[in-house]
Amino acid sequence: MTCAPVKSLLEPYLDEELDAVQRAQVAEHLAACGSCAEMHARLLELRTAIRAHAPYYRAPDGLRDQRIRFSLRQADRPAAATSWRADRHRRRHPAIGFGRMEHRPDSEIAYLARRRFDRAATSCRATCGRLMGAHSAGRAFDPTGTPSSLGSTASWTSRRTCETFSAQGYPADRRAYGLRGRPSGGRVLVLPAAASTSSIVFTWPSNAAGGRRRSLARNGYQAVRLEYRDGMAYWAVSDIELRRTAAV
Amino acid sequence: MKAAPNLALFEKAMLPHLGAAYNLARWLTRNEDDAQDVVQEAYLRAFHFFDGFRGGDGRAWLLAVVRNTALTWLRRERGSTHVSFDEEMHVPAAAAATVETKLVEGAKFAELRNCLDLLPLEFREAVVMRELEEMPYRDIAEAASVPIGTVMSRLSRARQRLQDCLAARLREASE
């Protein structure tokens, strides 16, 4: 075998994709040809470098059980089993979401916040993306935080946040979580609105001073922009009706 | 009415490949949070279309779903920039390593990762599936929905670009 066909077979040879005959032919050629052997060595060196230094990203703790299995179980419920397309349709046509006001468990509200609301036109980045993407030096969130201490004492990692929002729901009592180390901070308040319903209030930095009041509906959940104050936009997300959401 | 797929069967077949799914999503989105969202959505899609899975190794089938979900995600998110904190870049090196070793290793790590990140998406995914997942050409072709010849071509061009990129970085470092 000459150099030309061997060069075209070097990478399949490296990747162990050749049959036994071709493999033997290439190996025989490499033993006798310095030029091709050098090319092979460079490819091998690159492979070694990639496998040694390119990170293999490990799935975060909680992704399997607290997000994926959780959402699969939600999807596996009889009412949800056939609604995948309808759900996608509602996402494209949010107004259809009005009128579905049945009570949802707290954890599902969190699920909405993560999977639905944060993809709305209000920018995933500005809401949950900013909130949940924050990392800190390792301090757990402060369960005793109050609105007045937001940003000064509390912090979380995205893993903790996902645990909090996606699987464990959120505390029934009044809690506040702040983000530490972000230029202008992102905050979320969890406020019980009534015994059987709950709301989540998001705040995040916004350049849109003032502006008109806006609202969104997704799959029976309501979101309303409450106000703009001190550079922060406030949104409330709830499974209760819009008027009551705003009242929170 | 379409019958719901069996959740237990689905989990048994697909959850073992969560690591591969997340790694691919992370390389494609270049963002930890987006990768988690992509993987979660991909699993929901995969569950819905699980009837189309014909058995065998589910990794390539699942990675095809992850890839398509990631591409849809990237199209939707195009134009936005978001950089997440990279835990791996901030993990302290082993105490036993010398400072010099750490610097050299850190430089290699950063250069290689940067060069990989610079690859076009179709090249990057081919390298990730071949070198990090050690998938055969046939499975990569299935996951990427392209012929095996295209996989070989993409891998070859990706490797050439990586070699050029690393060589250029080394030259810059030595000047």
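First the proteins, then the strands, lettered A, B, ... as listed; each starts at 1.
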Contact part of A:Ile50 toward chain B, heavy-atom cut-off under 4.5 Å: side chain, backbone, both or neither? both

Least distance between heavy atoms, B:Leu112 atom then A:Ala54 atom: CD2-N, 3.5 Å

Check the pair B:Glu32, A:Tyr57 against side chain to side chain donor-acceptor pair (under 3.5 Å), reporting the backbone distance first and the verdict last. CA-CA 9 Å; B:Glu32 180 183 333; A:Tyr57 295 105; over 6 Å; no

Under 4.5 Å from any heavy atom of chain A, what part of B:Val127 do you find: side chain, backbone, both or neither? side chain

Which residue pairs pass the side chain to side chain donor-acceptor pair (under 3.5 Å) test with at least one member in residues 161-170 of chain B, sequence neighbours excluded? B:Gln160-B:Asp164

So, A:Glu17 side chain and B:Tyr137 main chain: donor-acceptor pair closer than 3.5 Å or not? yes

Student check: side-chain heavy atoms of A:Leu72 and B:Gln40 closer than 4.5 Å: no

Given heavy-atom pairs under 4.5 angstrom as the criterion, report whether the side chain, backbone, both or neither of B:Leu24 touches chain A. neither

Turns out that what part of B:Leu15 lies under 4.5 Å from chain A's heavy atoms comes down to both

Distance from B:Glu11 atom CD to A:Arg69 atom CZ, nearest 0.5 Å? 4.0 Å

I need the contact set between residues 4-13 of chain A and chain B: heavy-atom distance under 4.5 Å, sorted by residue number. A:Glu11, A:Pro12

To the nearest 0.5 Å, what is the distance between CD on A:Glu45 and CG on B:Leu166? 9.5 Å

Report the option among B:Val39, B:Leu7, B:Leu18 that has the most heavy-atom pairs separated by less than 4.5 Å from atoms of chain A. B:Leu7

Does A:Arg51 reach the main-chain N or O of B:Glu131 with its side chain, forming a donor-acceptor pair under 3.5 Å? yes

Pick one of side chain, backbone, both or neither for B:Ala42, based on which atoms fall under 4.5 Å of a heavy atom in chain A. neither

Does atom CZ (A:Arg47) have a neighbourhood of more than 12 heavy atoms from anything else shown, all under 6.0 Å? yes

Flag the pair B:Met14 / A:Ile68 as yes when at least one side-chain heavy-atom distance between them is below 4.5 Å, and no otherwise. no

N/O donor-acceptor pair under 3.5 Å between B:Trp27 side chain and A:Tyr56 backbone: no

CD1-CG distance between B:Ile140 and A:Asp15, expressed to the nearest 0.5 angstrom: 7.5 Å

Rounded to the nearest 0.5 Å, how far apart are CD of B:Glu134 and CD of A:Glu16? 9.0 Å

